[in-house]
Trainee: 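Got a structure for you, written out below as structure tokens; questions coming shortly.
These figures come from a predicted structure and were not determined experimentally.
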Amino acid sequence: LVDKPRFTWDLSLSGSVTSNKVLSLDSNTDTIYVGFYQRHVVGYPLGGFWGKKLTGYRDANGDGIIDATEYTVTPNPVYIGPALPTREMGLNTAVTLFGGWLRIGSQFDYRGGHMVDNSIENFRCTPVLNCRGLVDRNAPLAEQARAEAVLNEGANVFGFFEPGWF
């Protein structure tokens with residue numbers, strides 16, 4: 001933007017959109033599993049996240065606590081979302097002073113449209129049994145339900161997948 005002998009200012013903006021889909025697999029294969037949560041499935045993005053979805057919960061006995069009988073999940077894993085960002089944007093700027101002796105720069109990034117696995121909270125809930133949804137009677141019912149579902153239904157539950165936007 002500015003290019004003087006003792007002062008320059010640069011500014012750049014970039015962005016991208018990504019979309020992909022598995023079109024076909026070997027005739028003997030309908031799904032390729034990538035670890036616990038990710039799969040390559042025809043018609044869905046590469047390595048998309050899959051898991052059982054929490055379909056409902058209700059504090060049936062009115063005690064303010066969701067237990068193993070007060071939530072429901074899908075019987076089979078469903079598509080959760082892409083593991084890779086579908087939108088990215090970057091803004092870079094820099095100022096150079098004193099004929100190039102000092103350069104100060106900054107970068108701002110955005111990535112969105114994807115999901116991430118909150119493994120830390122998942123870990124607190126399953127082997128450690130110390131997440132808020134399991135130990136705090138004042139935790140929101142939704143948080144209690146997802147913690148109970150992960151604890152009782154196994155690790156392949158939708159509950160701790162969250163938007164990965166930043």
Side-chain angles (χ1 to χ4, degrees), residues 1 8-58 66 68 70-95 103-134 139-166:
L1 294 173
T8 62
W9 177 31
D10 300 318
L11 181 68
S12 65
L13 177 67
S14 63
S16 67
V17 178
T18 303
S19 177
N20 66 64
K21 179 171 45 172
V22 177
L23 299 177
S24 66
L25 293 171
D26 181 288
S27 61
N28 298 324
T29 305
D30 62 350
T31 301
I32 297 174
Y33 296 88
V34 185
F36 293 110
Y37 310 118
Q38 290 181 269
R39 299 178 182 187
H40 300 307
V41 179
V42 173
Y44 292 92
L46 287 165
F49 285 121
W50 292 73
K52 292 181 180 179
K53 184 176 183 178
L54 183 65
T55 56
Y57 59 90
R58 184 172 70 89
I66 299 293
E70 296 177 319
Y71 68 86
T72 56
V73 297
T74 58
N76 298 309
V78 297
Y79 177 69
I80 298 168
L84 300 173
T86 59
R87 298 178 305 274
E88 297 181 272
M89 187 168 44
L91 174 67
N92 298 289
T93 187
V95 173
R103 183 168 174 88
I104 301 168
S106 180
Q107 178 175 331
F108 301 95
D109 279 327
Y110 164 79
R111 291 186 176 96
H114 64 298
M115 303 296 284
V116 295
D117 174 20
N118 185 344
S119 297
I120 293 173
E121 192 65 11
N122 192 342
F123 180 79
R124 287 181 186 135
C125 284
T126 47
V128 179
L129 304 176
N130 191 28
C131 64
R132 182 175 182 215
L134 294 178
L141 295 180
E143 192 169 339
Q144 292 181 39
R146 78 177 186 165
E148 280 291 330
V150 168
L151 180 64
N152 297 304
E153 305 295 328
N156 196 14
V157 174
F158 197 92
F160 292 98
F161 289 96
E162 301 167 351
W165 305 1
F166 65 92

Trainee: Please give me the minimum heavy-atom distance between His40 and Gly47, naming the atom from each residue.
Mentor: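 It is ND1-N, 2.9 Å.
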
Trainee: Is it the case that over 12 heavy atoms from other parts of the model lie below 6.0 angstrom from the CZ atom of Arg87?
Mentor: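 Yes, because the 6.0 Å sphere around CZ of Arg87 holds more than 12 heavy atoms from other groups.
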
Trainee: Phe123: what forms a ring pair (Phe, Tyr, Trp, His ring centres under 6.0 Å) with it, not counting sequence neighbours?
Mentor: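 Ring pair (Phe, Tyr, Trp, His ring centres under 6.0 Å) check on Phe123 returns nothing, list empty.
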
Trainee: Considering all heavy atoms of both residues, which atom of Ala145 and which atom of Leu54 are nearest to each other, and what is their separation?
Mentor: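 Heavy-atom minimum between the residues: CB-CD2, 3.9 Å.
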
Trainee: Quick one, Met89 and Leu13 - any side-chain contact, counting heavy atoms below 4.5 Å?
Mentor: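 When only atoms from C-beta onward are counted, Leu13 and Met89 do touch, with a gap below 4.5 Å.
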
Trainee: Might you work through the side-chain contact (heavy atoms from CB on, under 4.5 Å) test for Tyr44 and Lys21, ending with a clear yes or no?
Mentor: CA-CA 5 Å; Tyr44 292 92; Lys21 179 171 45 172; 5.9 Å; no

Trainee: State whether the number of non-hydrogen atoms from other residues, nucleotides or ligands found under 6.0 Å of Ile120 atom CD1 is greater than 12.
Mentor: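 No - once you tally the heavy atoms of other residues, nucleotides and ligands closer than 6.0 Å, there are 12 at most.
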
Trainee: Apply side-chain hydrogen bond (donor to acceptor under 3.5 Å, both in side chains) to Glu148 and Tyr57, showing your working.
Mentor: CA-CA 10 Å; Glu148 280 291 330; Tyr57 59 90; over 6 Å; no

Trainee: Working to the nearest 0.5 Å, report the span between CG of Asn92 and CD of Gln107.
Mentor: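 Output value for this atom pair is 4.5 Å.
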
Trainee: Would you kindly say whether Thr72 and Thr55 are connected by a side-chain donor-acceptor distance under 3.5 Å?
Mentor: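 There is such a pair (donor and acceptor under 3.5 Å, judged by atom type) between the side chains of Thr72 and Thr55.
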
Trainee: Please name the residue in the list Leu11, Ile104, Asp10 that meets the side chain to side chain contact (heavy atoms under 4.5 Å, CB included) test with Thr93.
Mentor: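 The option that passes is Leu11.
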
Trainee: Classify the ring geometry of Tyr79 against Trp50: parallel below 30°, tilted from 30° to 60°, perpendicular beyond 60°.
Mentor: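 The rings of Tyr79 and Trp50 stand perpendicular, inter-plane angle above 60°.
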
Trainee: Mind listing the closest non-hydrogen atom pair of Thr74 and Lys52 along with its distance?
Mentor: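 Scanning both residues, the minimum pair turns out to be OG1-CA, 3.5 Å.
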
Trainee: In plain terms, say whether Arg146 and Glu162 are close enough for a salt bridge, that is, a side-chain N and a carboxylate O under 4.0 Å apart.
Mentor: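 Salt bridge present between Arg146 and Glu162.
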
Trainee: I need the Leu141 CG to Glu70 CD distance, nearest 0.5 Å.
Mentor: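 The CG atom of Leu141 sits 9.0 Å away from the CD atom of Glu70.
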
Trainee: Can you tell me how far the CG atom of Leu46 sits from the OG1 atom of Thr18, to the nearest 0.5 Å?
Mentor: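 Atom-to-atom, Leu46:CG and Thr18:OG1 are 11.5 Å apart.
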
Trainee: Among all residues two or more places apart in sequence or in another chain, which pass the salt bridge (Lys or Arg N to Asp or Glu O under 4.0 Å) test with Asp109?
Mentor: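 So Asp109 forms no salt bridge (Lys or Arg N to Asp or Glu O under 4.0 Å) with any residue.
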
Trainee: How close do Ile32 and Leu25 get, counting heavy atoms only, and between which atoms?
Mentor: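 Scanning both residues completely, I find the closest heavy atoms to be CD1-CD2, 3.7 Å.
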
Trainee: Give a yes or no answer on whether the side chain of Gln144 reaches the backbone of Ala139 with a donor-acceptor pair at less than 3.5 Å.
Mentor: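 Yes; at least one donor-acceptor contact below 3.5 Å.
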
Trainee: Show the nearest heavy-atom pair for residues Ala147 and Cys131, with the distance to one decimal.
Mentor: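 Heavy-atom minimum between the residues: CB-SG, 3.8 Å.
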
Trainee: Can a salt bridge be assigned to the pair Arg111 and Glu88 using a cut-off of 4.0 Å between side-chain N and carboxylate O?
Mentor: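 Here Arg111 pairs with Glu88 in a salt bridge, since their nearest N and O are under 4.0 Å apart.
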
Trainee: Mind checking the NE2-CH2 spacing from His114 to Trp165? Nearest 0.5 Å is all I need.
Mentor: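 Nearest 0.5 Å value for the NE2-CH2 distance: 10.0 Å.
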
Trainee: Going from SG on Cys125 to CG on Leu151, what distance comes out if it is rounded to the nearest 0.5 angstrom?
Mentor: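 Reported to 0.5 Å precision, the distance equals 8.0 Å.
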
Trainee: If I compare all heavy atoms of Arg39 with all of Pro77, which pair ends up nearest, and what's the gap?
Mentor: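 Of all heavy-atom pairs spanning Arg39 and Pro77, the closest is NH2-CG, 3.4 Å.
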
Trainee: Measuring from Tyr71:OH to Ile66:CD1, what's the distance to the nearest 0.5 Å?
Mentor: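 So the gap between those two atoms works out to 10.5 Å.
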
Trainee: List the residues meeting salt bridge (Lys or Arg N to Asp or Glu O under 4.0 Å) with Arg132, not counting sequence neighbours, and say none if there are none.
Mentor: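 So Arg132 forms a salt bridge (Lys or Arg N to Asp or Glu O under 4.0 Å) with Asp136, Glu143.
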
